[in-house]
Undergrad: 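Dropping the structure in here first, questions after.
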Amino acid sequence: MNLNDLENISQQFNSTEKMPVLFLGHGSPMNAIEENQFVKGFRNISREIPKPNAILCISAHWFTNGTFVTAMQNPKTIHDFYGFPKELFEVQYPAPGNPELAKETAELLLPEIVEEDHSWGLDHGAWSVIKHLYPNGEIPVIQLSIDYTKPPQYHFDLAKKLQKLREKGILIIGSGNIVHNLRMIDWKNINTVGAGWDWAVEAREKTNNWLLDGNFQNLIDYQRQGVALQTAVPSPDHYLPLIYSLGLKEKSENLSLFNDELIGGSLSMTSVRIG
């Protein structure tokens, strides 16, 4: 980062107390319109942290070849799912974008190439949870995509370059699920909180222990941690947003869990607050 980057950020946002970082287990898109303990957890966390100047979200649902950042003034609400009630498709989350923040984010990540995107918008990994934190849609939101060609260590290291944004009131949110295997959902217990297959219970226990102990390297190297983790994370899309959040943690900061439950056998809603 050079002096021009610092100047651009300083001109747009005043310095603030360092913002926390969140990882939100977003679960089913229906959480956008249902009332349950998880959406209450999202609302509670928003009351505990300072109101941000803007939000940068890394969502499991923007998985790309290369890295992109949304740079439009008014991002559309993307309904990137099917088979759900009409009521869910009618939800709009008209939060503004922030082209200047998108540009500054791309500059902070240099020499990695981050292209500005003007066609994506806000996918449900972003809006379905952010709408519970800030229901009025008044906070500008941009999204950073996840480059599927890169390994977890790359994403962990890339996230570190975003640290300066936290000092300007930017709330950085990773949105996905740590345990996420849709092919092995227990449909009889799809709404049963605490329902988890044995491998899911094991994966949750291991990842929670590593999170609370600060053993992030095991989390980065999840593919080497045995069958339970491999079953819990059959593809990295929902897992890598966690790695972005962890990359932003400084040694002196606290890490805590909330919404820490399994549901439907093969999903965890476990969410993380840093700072």
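Computed over heavy atoms, backbone and side chain alike; hydrogens, waters and symmetry mates excluded.
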Undergrad: Just by distance, with hydrogens left out, do His26 and Ser128 show a side-chain donor and acceptor under 3.5 Å apart?
TA: no

Undergrad: Do you know the tightest heavy-atom contact between Ala60 and Gly176?
TA: CB-CA, 4.1 Å

Undergrad: CD of Gln37: more than 12 outside heavy atoms within 6.0 angstrom?
TA: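 Counting other residues, nucleotides and ligands, CD of Gln37 exceeds 12 neighbours.
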
Undergrad: Closest heavy-atom contact between Pro20 and Pro50?
TA: CD-CD, 4.1 Å

Undergrad: Determine whether a donor-acceptor pair (N or O, by modelled atom type, separation under 3.5 Å) exists between the side chain of Asn98 and the backbone of Pro140.
TA: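 Such a contact is absent between Asn98 side chain and Pro140 backbone.
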
Undergrad: Closer than 3.5 angstrom, by distance alone: can the side chain of Ser266 be matched with the main-chain N or O of Asn181 as a donor-acceptor pair?
TA: yes

Undergrad: Between Lys164 and Glu167, is there a side-chain N and carboxylate O pair less than 4.0 Å apart?
TA: yes

Undergrad: With side chains defined as the heavy atoms from C-beta onward, is the minimum distance between Phe216 and Trp210 less than 4.5 Å?
TA: no

Undergrad: Cluster question for you: counting only ILVMFWY and a side-chain heavy-atom cut-off of under 4.5 Å, with indirect links fine, are Leu109 and Leu171 together?
TA: no

Undergrad: If only side-chain N and O atoms count, and only distance matters, is there a donor-acceptor pair under 3.5 Å linking Gln143 with Asp123?
TA: yes

Undergrad: Between Ile173 and Phe23, is there a shared hydrophobic cluster once you connect ILVMFWY residues whose side-chain heavy atoms come closer than 4.5 Å?
TA: no

Undergrad: Report the C-alpha separation of Thr207 and Tyr222 in whole Å, then their side-chain angles, then the decisive distance to 0.1 Å, and conclude whether the side chain to side chain contact (heavy atoms under 4.5 Å, CB included) test is met.
TA: CA-CA 9 Å; Thr207 53; Tyr222 73 93; over 6 Å; no

Undergrad: Identify the heavy atoms of Tyr93 and Gly137 that sit nearest to each other, and give their distance.
TA: OH-CA, 3.5 Å

Undergrad: Could you give the distance from CG (Leu211) to CG (Leu246), rounded to the nearest 0.5 Å?
TA: 6.0 Å

Undergrad: Has Ser245 got a side-chain atom pairing as donor or acceptor with Leu22's backbone, closer than 3.5 angstrom?
TA: yes

Undergrad: Nearest 0.5 Å please: distance from the CD1 atom of Ile178 over to the CG atom of Asn208.
TA: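 Nearest 0.5 Å value for the CD1-CG distance: 6.5 Å.
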
Undergrad: Leu165 vs Leu101, test: side chain to side chain contact (heavy atoms under 4.5 Å, CB included). Steps then yes/no.
TA: CA-CA 9 Å; Leu165 296 180; Leu101 177 58; 4.0 Å; yes

Undergrad: For Gln230 and Gln225, does a side-chain donor sit closer than 3.5 Å to a side-chain acceptor?
TA: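 Distance-only check fails for Gln230 and Gln225.
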
Undergrad: Decide if atom CH2 of Trp197 counts as having more than 12 heavy atoms of other residues, nucleotides or ligands within a radius under 6.0 Å.
TA: no

Undergrad: Give the ring-plane orientation class for His61 versus His124, where under 30° counts as parallel, over 60° as perpendicular and anything between as tilted.
TA: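 His61 vs His124 ring planes: tilted.
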
Undergrad: Among residues two or more places apart or on two chains, list those pairs meeting salt bridge (charged side-chain N to carboxylate O under 4.0 Å, His left out) that have a residue in residues 32-42.
TA: Glu35-Arg43

Undergrad: Under the side chain to side chain donor-acceptor pair (under 3.5 Å) rule, collect the residues that match up with Thr270, sequence neighbours excluded.
TA: Asp260

Undergrad: Any donor and acceptor pair, going by atom type alone, linking the side chain of Tyr239 with main-chain N or O of Leu219 inside 3.5 Å?
TA: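 Checking the backbone N and O of Leu219 against the side chain of Tyr239, a donor-acceptor pair under 3.5 Å is found.
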
Undergrad: With a 6.0 Å cut-off (strictly less than), is the heavy-atom count around CG of Asn254, excluding the residue itself, greater than 12?
TA: no

Undergrad: Would you tell me whether Asn44 and Glu48 have side-chain atoms, one donor and one acceptor, within less than 3.5 Å of each other?
TA: no

Undergrad: Taking the basic N atoms (NZ, or NE/NH1/NH2) and the acidic carboxylate oxygens, is any pair closer than 4.0 Å for Arg204 and Glu261?
TA: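 No.
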
Undergrad: Provide the full list of salt bridge (charged side-chain N to carboxylate O under 4.0 Å, His left out) pairs with a residue in residues 185-201, sequence neighbours left out, each pair given once.
TA: none

Undergrad: Do any N or O atoms from the side chain of Asn209 and from the backbone of Lys206 form a donor-acceptor pair under 3.5 angstrom?
TA: no

Undergrad: Does Ser268 reach the main-chain N or O of Val179 with its side chain, forming a donor-acceptor pair under 3.5 Å?
TA: yes

Undergrad: Are any of the side-chain heavy atoms of Asp117 and Trp62 separated by less than 4.5 Å?
TA: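 Yes - at least one pair of side-chain heavy atoms lies under 4.5 Å apart.
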
Undergrad: Between Val193 and Phe38, is there a side-chain heavy-atom distance shorter than 4.5 Å?
TA: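 Yes, close enough: below the 4.5 Å cut-off.
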
Undergrad: Side-chain contact, heavy-atom cut-off 4.5 Å: Leu162 with Leu248?
TA: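 They are in side-chain contact.
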
Undergrad: Spell out, yes or no, whether Phe258 and Val21 are grouped together once hydrophobic residues are joined by side-chain heavy atoms under 4.5 Å, including indirect joins.
TA: no

Undergrad: Ion pair present between Glu250 and Arg166, side-chain N to carboxylate O less than 4.0 angstrom?
TA: no

Undergrad: Is there a side-chain contact between Lys51 and Glu138 in this structure, where contact means two heavy atoms from C-beta onward sitting under 4.5 Å apart?
TA: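 Yes; the side chains approach each other to less than 4.5 Å.
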
Undergrad: Between the side chain of Lys103 and the main-chain N/O of Glu107, is any donor-acceptor distance below 3.5 Å?
TA: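 Side chain of Lys103 to backbone of Glu107: no pair is present.
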
Undergrad: For Ser59 versus Gly125, what's the shortest heavy-atom pair and its separation?
TA: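 Minimum heavy-atom separation between Ser59 and Gly125: OG-CA, 3.4 Å.
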
Undergrad: Measure across Ala228 and Ala203 and return the closest heavy-atom pair with its distance rounded to 0.1 Å.
TA: O-CB, 3.9 Å

Undergrad: Are Leu212 and Ile274 connected in the hydrophobic side-chain network, where two residues link if heavy atoms are under 4.5 Å apart?
TA: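 They do share one cluster, since a chain of ILVMFWY contacts under 4.5 Å joins Leu212 to Ile274.
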
Undergrad: Measure the NE2-CD1 distance between His155 and Ile243 for me, rounded to the nearest 0.5 Å.
TA: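 Answer for the NE2-CD1 pair, His155 versus Ile243, is 9.5 Å.
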
Undergrad: Dump the intermediate steps for side chain to side chain contact (heavy atoms under 4.5 Å, CB included) on Met30 and Leu88, then the final yes or no.
TA: CA-CA 7 Å; Met30 288 298 291; Leu88 184 58; 4.0 Å; yes

Undergrad: Output the distance between atom NZ (Lys161) and atom CG (Leu108), rounded to the nearest 0.5 Å.
TA: 9.5 Å

Undergrad: So, for Pro75 and Pro96, which heavy atoms are closest and what is the spacing to 0.1 Å?
TA: CD-C, 3.7 Å

Undergrad: Is a side-chain donor or acceptor of Ser271 paired with a backbone partner of Gly25 at a separation under 3.5 angstrom?
TA: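 Yes.
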
Undergrad: Measure the spacing between CG of Leu144 and CD1 of Ile172 and express it to the nearest 0.5 Å.
TA: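 Taking CG in Leu144 and CD1 in Ile172, the distance rounds to 9.0 Å.
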
Undergrad: Could you check Trp127 against His132 for ring pair (Phe, Tyr, Trp, His ring centres under 6.0 Å), going step by step and ending with a plain yes or no?
TA: CA-CA 9 Å; Trp127 64 260; His132 294 299; 9.4 Å; no

Undergrad: Are the side chains of Ile55 and Tyr134 in touch, meaning some heavy atoms are under 4.5 Å apart?
TA: yes

Undergrad: Would you check if Phe68 and Asp147 make a side-chain contact, meaning some heavy-atom pair closer than 4.5 Å?
TA: no

Undergrad: Would Asp221 and Gln217 count as having a side-chain donor-acceptor pair, cut-off 3.5 Å?
TA: yes

Undergrad: Ring centres under 6.0 Å, that's the criterion: do Phe84 and Phe89 meet it?
TA: no

Undergrad: Nearest 0.5 Å, what's the CG-OH distance between Leu240 and Tyr154?
TA: 11.5 Å

Undergrad: Do Arg47 side-chain atoms and Ile49 backbone N/O form a donor-acceptor pair below 3.5 Å?
TA: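 No; judged by distance alone, with no hydrogens or angles, the pair does not exist.
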
Undergrad: Using the rule that two of Ile, Leu, Val, Met, Phe, Trp, Tyr join whenever any of their side-chain heavy atoms come within less than 4.5 Å, decide whether Leu262 and Leu267 are in one cluster.
TA: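 Not linked; separate clusters.
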
Undergrad: Does some side-chain heavy atom of Val91 sit less than 4.5 Å from a side-chain heavy atom of Lys131?
TA: yes

Undergrad: Which is it for Val141 and Leu122 under the side chain to side chain contact (heavy atoms under 4.5 Å, CB included) test, yes or no, and what are the steps along the way?
TA: CA-CA 8 Å; Val141 182; Leu122 300 179; 3.7 Å; yes

